[in-house]
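Below is one structure; the comments refer to it alone.
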Amino acid sequence: MTTAVAAGLGATLLSSCGSQQLITFGDMASGYNREVAFMSIFAIALSVIIFVGVSYALFFTVNKFREDKNTAEPAQFHGNNRLEVILVVVPVIIVMFLALLTVRSMAILNPVAEQSTKIDVLGRQFWWNFSYPETTANAGGNVTNGNELIMPTKQDVALTITSGDVIHGFWAPNIGGQRAAMPANLKTWNVDTDRAGIYQGNCSQLCGGSHANMRYKVIALDQERYDTFLAAAKAYRAPEPATRSPEARGYNLFMKGKPSTGALACAACHRVQGTTAAGAAGPDLSFFGTRRTLGAGMWEAMTPEHWEAPDAKAELHAWIKHSPKVKPGSLMPTYDGSEYLVTGKKVKGGVLTDREIDDVAAYLRSLKLPEEADYWNETPVYGSTDAADNTSAQTAKTSSPTPGGNQ
Ligand code: CUA
């Protein structure tokens with residue numbers, strides 16, 4: 001019964017071109033949600049009992065003490081010490097009891113165990129970085145991924161959440177509670193799930209023009225697959241492009257830009273593990289080719305061809321060419337010569353030809369983890385009506401590019 005009631009709590013279906021995802025804090029695979037559901041059902045049940053009790057007392061009193069003939073003035077009296085004491089003491093006991101239960105839940109949920117898996121979460125306008133502070137990559141630095149959070153199942157995962165600019169909200173309801181990401185503030189919270197799967201996360205704090213376009217995916221993997229991912233991610237070095245290939249030309253543009261037309265180097269803002277690109281102003285792109293979301297979840301490339309599918313390629317091309325046009329508030333420079341904003345001032349962007357943009361895209365698509373570490377493979381989308389959802393769904397534009405669009 002508990003499960004049935006809880007399953008309905010806050011359930012939302014996100015659909016995008018036939019693929020569906022169930023977002024709910026009634027997901028009982030998470031110990032956090034189980035505790036919250038216990039608290040909620042208990043508090044609701046208690047409220048129902050109080051409602052019935054108070055209603056009964058009201059009707060009983062009105063009925064018993066009414067003046068039927070309505071001829072004489074009703075009996076006049078005031079003050080009833082016993083009743084007044086009861087009416088003060090009973091609610092105080094109820095409130096204290098609920099407070100105790102809340103403190104008990106907090107004592108269970110909040111402590112971060114030493115042996116928890118630790119992941120650092122950074123929110124920025126309008127994307128997320130997830131980095132693994134206990135890893136040291138062979139190529140240097142910590143393993144980091146943009147907008148796709150990979151975590152192990154069946155254990156507490158300690159997220160240390162912060163923001164690089166304004167206040168954001170980290171919320172993936174299926175794995176735990178909503179948490180504020182605040183600048184200059186590091187706070188660690190647990191999330192957990194017993195079930196391997198793909199879950200949706202959103203920014204839950206209004207943070208600017210693309211607040212609704214600040215999404216992420218949580219990919220929960222069973223221990224063995226998680227270990228495989230983490231080992232491959234630690235060993236990962238971005239592949240060396242073959243000489244004179246599109247990837248090689250893209251690599252050069254990525255690292256150096258094109259100074260003759262004012263096109264800025266991507267490497268100034270993005271990190272790619274195993275190269276000299278170590279920028280931190282934008283999302284980590286080390287595993288871009290393995291990722292299946294673009295623009296912090298604005299687009300998904302879920303067909304078997306992923307970024308090689310023609311429509312996915314078109315989205316990627318448009319994204320590199322003029323990111324602020326397809327995502328309001330994006331801080332990426334433009335590469336079609338149009339103006340974009342840098343700290344409120346209009347700046348003219350550099351120019352890359354369409355072929356050069358495709359070369360950069362080809363380089364990005366080549367940044368792949370080894371096949372066995374592809375965390376999307378065979379990981380079911382939770383709540384999907386289609387068992388093979390993550391391989392058969394269409395490339396979908398999942399949100400409106402207008403400010404304050406859907407959420
Ligand atoms: Cu970040 Cu809303």
Side-chain angles (χ1 to χ4, degrees), residues 10 12-16 21 23-25 32 119-131 144-151 157-191 198-219 269-271 279-285 288 291-300 315 319 323-333 340-344 396-407:
T12 314
L13 275 175
L14 240 208
S15 75
S16 56
Q21 192 158 17
I23 307 174
T24 172
F25 56 82
Y32 181 95
I119 300 175
D120 290 343
V121 178
L122 171 70
R124 300 201 68 167
Q125 288 171 318
F126 297 96
W127 51 273
W128 300 89
N129 246 11
F130 303 110
S131 116
T144 302
N145 200 15
N147 301 316
E148 293 180 4
L149 167 64
I150 296 103
M151 64 176 252
V157 176
L159 303 178
T160 300
I161 302 174
T162 189
S163 164
D165 36 50
V166 300
I167 300 176
H168 301 279
F170 177 97
W171 201 19
N174 292 79
I175 59 164
Q178 178 175 211
R179 305 300 191 190
M182 290 193 278
N185 180 304
L186 293 172
K187 181 83 182 146
T188 304
W189 304 100
N190 291 320
V191 292
I198 292 161
Y199 305 99
Q200 181 69 36
N202 298 294
C203 178
S204 58
Q205 178 80 39
L206 183 60
C207 58
S210 267
H211 157 65
N213 301 319
M214 188 173 163
R215 300 144 179 243
Y216 54 99
K217 295 285 183 188
V218 175
I219 298 105
C269 294
H270 296 280
R271 173 178 180 265
D284 193 297
L285 297 177
F288 183 87
R291 276 166 30 192
R292 295 189 192 174
T293 58
L294 172 67
M298 278 187 85
W299 297 277
E300 298 179 359
E315 302 289 9
W319 176 258
S323 168
K325 191 150 80 188
V326 293
K327 179 168 179 173
S330 166
L331 298 178
M332 243 172 84
Y340 66 103
L341 292 175
V342 177
T343 54
K397 187 164 178 292
T398 60
S399 72
S400 147
T402 49
N406 55 353
Q407 148 171 333

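Computed over heavy atoms, backbone and side chain alike; hydrogens, waters and symmetry mates excluded. What you see is a predicted model, and the numbers here were worked out from it, not measured in a lab. Numbering of ligands and ligand atoms starts at 1, following listing order.
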The angle formed at atom 2 (Cu) of ligand 1 by SG of Cys203 and SG of Cys207 is about (to 10 degrees) 120°
Strictly under 2.8 Å, is atom 1 (Cu) of ligand 1 approached by any N, O or S atom of His211?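 No, since none of the N, O or S atoms of His211 sits under 2.8 Å from atom 1 (Cu) of ligand 1.
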Run the side-chain contact (heavy atoms from CB on, under 4.5 Å) test on Gln200 and Tyr216 for me, step by step, so that the C-alpha distance in whole Å, both residues' side-chain angles and the decisive distance to 0.1 Å come before the verdict. CA-CA 6 Å; Gln200 181 69 36; Tyr216 54 99; over 6 Å; no
Metal check, atom 2 (Cu) of ligand 1 vs Gln205 N/O/S, cut-off below 2.8 Å: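 Short answer: yes, at least one N, O or S atom is under the cut-off.
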Can you confirm whether Val218 sits close enough to Met151 that some side-chain heavy atom of one is under 4.5 Å from a side-chain heavy atom of the other? yes
Kindly say whether Phe126 contributes a backbone atom to a donor-acceptor pair with the side chain of Lys327 at under 3.5 angstrom?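 Checked: pair present.
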For Asn185, is there any backbone N or O sitting under 3.5 Å from a side-chain donor or acceptor partner on Thr162?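 Between the backbone of Asn185 and the side chain of Thr162 there is a qualifying donor-acceptor contact (under 3.5 Å).
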Could you please compute the angle at atom 1 (Cu) of ligand 1 from SD of Met214 to ND1 of His168, rounded to 10°?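 Value returned, to the nearest 10°, is 90°.
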